[in-house]
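Proteins get letters first, then strands, A, B, ... in listed order; numbering begins at 1 in each. The structure presented is a predicted model; accordingly, all values stated were derived computationally and were not measured. Heavy-atom basis, side chains included; hydrogens, waters and symmetry copies ignored.
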Amino acid sequence: MIALIDCNNFYASCERVFNPSLNDKPVVVLSNNDGCVIARSNEAKKIGIEMGIPAFKVQELFRRNNVAVYSANFALYGDMSRRVMSILSGYSPLQEVYSVDECFLDLAETATPKEYGLRMKEHVGRWTGIPISVGIAPTKALAKVANRIAKKYPSQTGGCYVMDTEEKRVKALRWLSVEDVWGIGRRNAVKLQAAGVFKAVDFAEMSESWVRRNMTVTGINLQRELNGIRCIEFVEEEKSKSFSVTRTFEKEYGTWDEIKERVVTFTAMAAAKIRKQQSLCSRIQVFLQTNYFKDTEEVLSRSVEVRLPFSTSSTLEIVDFVVSGLKKIYEKDLHYKRAGVTLYNFTDEKHHQPALFPEMNANPRHKGLMNAIDAINHFSSSGGIRLASQDARMFKMHQEHLSGRYTTDIRDILQVRGE
DNA sequence: TCTGGGGTCCTAGGACCC
DNA sequence: TCTGGGGTCCTAGGACCC
């Protein structure tokens, strides 16, 4: 059997751990720049705050219902995620961390899966304060379904649902709408509904040839999974194949210097990420986008790919290539609202084959410099070392409701006093 | 006034090779 | 009028996920 463990309303729950007075109250977490709602407690969902809705549209709703509003605190959420995953890893030799708040565990032949799942829930709750739901089933896709049932019916299931019979499988698939199946997105849902398929069970029973034709092998695998045949294997923790840093600006920017400063900052962040996993990159993508939402202006998005003549992880070298690409797509007199950098085409630092001539290789002297910068920045919570061309502040973000870095910054550790 | 960010996988079709 | 056949590699773009 396979378990899917999912943290309930993860970001909102993280805020609650460090502020228990929020329990039973509506809590929401906003995206960067306090733009839109990206997490909601159950109470917030109940009063009709939609996922992804722009914050300015629900200010009144916030006020009327006394909603606790938080700016995204990814340092805190990332650390809480590591703690939860670490506890859960003790429950199986095979764990796949699927996202910041979800993981699969291979439970093999656990005799009493229900008790096992409830024990996990109790353990994670007691050690981290984060509530989780557990779904257990023969395949990953069915474990997703089981998890949804556990979450939807907490009092009946105790937060853990085990799909261990054919009757339960069919009942669940009759209950689940096809657009809510893991792996069926908007586009495929429309196609399926047009073909008269509305419930997950209808999809599971469709002809393979239709699925193959319309949804490729991905669809076939998914369909088999829903029928109890394991097709989606556990993927080992591997290195990422690309890293992006993209941001929506807090206002529009137009001048070359402003744009360059920000894009260089994004590049430095992305380069630090690839060094951390000991990769070198040899391709870069840069994009710029004008403001979406002004009807007076057309949306303009331009991107460029830069192929490096060698593989490198040096911020200095990567920045040069990024700026050369940026020059090609930057246009004066436009109002930019978003930009980003993606690094990819990685090779392993250890197994990298250098070119014959030194001038076709990365500058080896940068390595020590980068190591030193990374080491200093690791211990600095106030920006650390940066390039002169970088943004003075790492971000210029609206973060009006930011909570503390309770677990990752010594200055924010909570003090507990006995009275 | 204000609308997130970061990933992966699959495929069609072009380029190129013998 | 007739104009091979098969293979690989690469990439842009679509679709999906949280």
Side-chain angles (χ1 to χ4, degrees), chain A residues 4-11 28-39 50-60 62 69 71-74 77-78 81 96-104 140-141 144 147-148 179-192 211-222 231-233 235-252 266 269-270 273-274 277 282-283 285 287 289-295 299 301 303-305 307 335 337-346 395 397-400:
Chain A
L4 174 72
I5 296 95
D6 190 323
C7 300
N8 302 344
N9 315 322
F10 183 53
Y11 297 165
V28 303
V29 176
L30 305 180
S31 62
N32 283 338
N33 287 320
D34 294 343
C36 54
V37 173
I38 56 171
E50 286 166 57
M51 182 67 171
I53 190 143
F56 72 89
K57 286 191 181 171
V58 278
Q59 285 304 331
E60 182 53 27
F62 288 169
V69 179
S71 305
N73 184 347
F74 293 116
Y77 311 148
S81 169
E96 177 185 335
V97 177
Y98 182 67
S99 75
V100 70
D101 69 337
E102 263 179 69
C103 74
F104 291 102
K140 278 186 170 181
K144 274 273 188 185
N147 184 285
R148 182 178 275 263
E179 67 267 27
D180 293 332
V181 172
W182 179 53
I184 293 182
R186 274 188 117 93
R187 302 302 283 257
N188 282 325
V190 170
K191 266 193 229 170
L192 286 161
V211 176
R212 170 74 243 219
R213 210 167 44 245
N214 292 281
M215 300 172 66
T216 80
V217 293
T218 322
I220 297 276
N221 286 338
L222 182 59
C231 292
I232 307 175
E233 289 312 314
V235 285
E236 305 211 9
E237 180 105 37
E238 351 178 283
K239 294 180 176 180
S240 294
K241 296 173 177 174
S242 70
F243 279 122
S244 317
V245 177
T246 71
R247 289 288 181 280
T248 301
F249 305 142
E250 82 287 3
K251 63 183 187 87
E252 293 168 358
F266 300 163
M269 293 162 72
K273 286 194 201 176
I274 69 169
Q277 70 160 28
S282 64
R283 288 196 199 181
Q285 186 122 22
F287 80 88
Q289 202 175 72
T290 60
N291 205 338
Y292 253 124
F293 304 100
K294 280 199 175 166
D295 29 41
V299 184
S301 184
S303 78
V304 64
E305 184 190 63
R307 298 186 178 207
H335 302 290
K337 186 64 179 166
R338 216 160 87 86
V341 173
T342 305
L343 309 183
Y344 57 105
N345 235 39
F346 294 160
F395 307 100
M397 276 201 292
H398 290 302
Q399 291 187 310
E400 279 187 47

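- Within 4.0 Å of A/Val235, counting heavy atoms only, lies no atom of the nucleic acid at all.
- Regarding A/Glu179, its CD atom lies at a distance of 16 Å from the C1' atom of C/dC17, rounded to whole Å.
- Looking at heavy-atom distances under 4.0 Å, A/Lys191 makes no contact with the nucleic acid at all.
- Under the Watson-Crick and G-U wobble criteria, each requiring two contacts below 3.5 Å, nucleotide B/dC18 is paired to C/dG5.
- Residue-level contact check: A/Ile184 touches the backbone only, with heavy atoms under 4.0 Å from sugar-phosphate atoms and none from bases.
- With rounding to whole Å, A/Arg338 atom CZ is found 16 Å from B/dC2 atom P.
- Comparing A/Arg212 and A/Thr248 along DNA chain B, the residue whose closest nucleotide (by nearest heavy atom) sits nearer the 5' end is A/Thr248.
- Summarising the geometry, the separation between CG on A/Asn345 and C1' on C/dA12 is reported as 15 Å, rounded to the nearest angstrom.
- Residue contacts shown for A/Phe243 are limited to sugar-phosphate atoms, with no base heavy atom under 4.0 Å away.
- When distances are taken from the side chain of A/Tyr98 to each of C/dC16, B/dT11, C/dC17, the shortest belongs to C/dC17.
- The side chain of A/Arg186 sits closest to C/dC16 out of C/dC18, C/dC16, B/dG5.
- Listed for the A/Asp34 side chain is a donor-acceptor partner under 3.5 Å among the backbone atoms of A/Glu400.
- Between A/Tyr77 and A/Tyr11, the ring-plane angle classifies as parallel under the 30° and 60° cut-offs.
- Nucleic acid contact class of A/Asp34 (heavy atoms, under 4.0 Å, all strands): none.
- Nucleic acid contact class of A/Gln59 (heavy atoms, under 4.0 Å, all strands): none.
- Atom CZ in A/Arg187 sits roughly 4 Å away from atom P in C/dA15 (whole-Å rounding).
- Within 4.0 Å of A/Lys251, counting heavy atoms only, lies no atom of the nucleic acid at all.
- Contact check on A/Lys57 versus A/Glu50 returns no salt bridge, with no Lys/Arg side-chain nitrogen under 4.0 Å from an Asp/Glu carboxylate oxygen.
- Counting non-hydrogen atoms under 4.0 angstrom, A/Val100 reaches nothing in the nucleic acid.
- Across all strands shown, A/Ser242 has heavy atoms under 4.0 Å from sugar-phosphate atoms exclusively, and none from any base.
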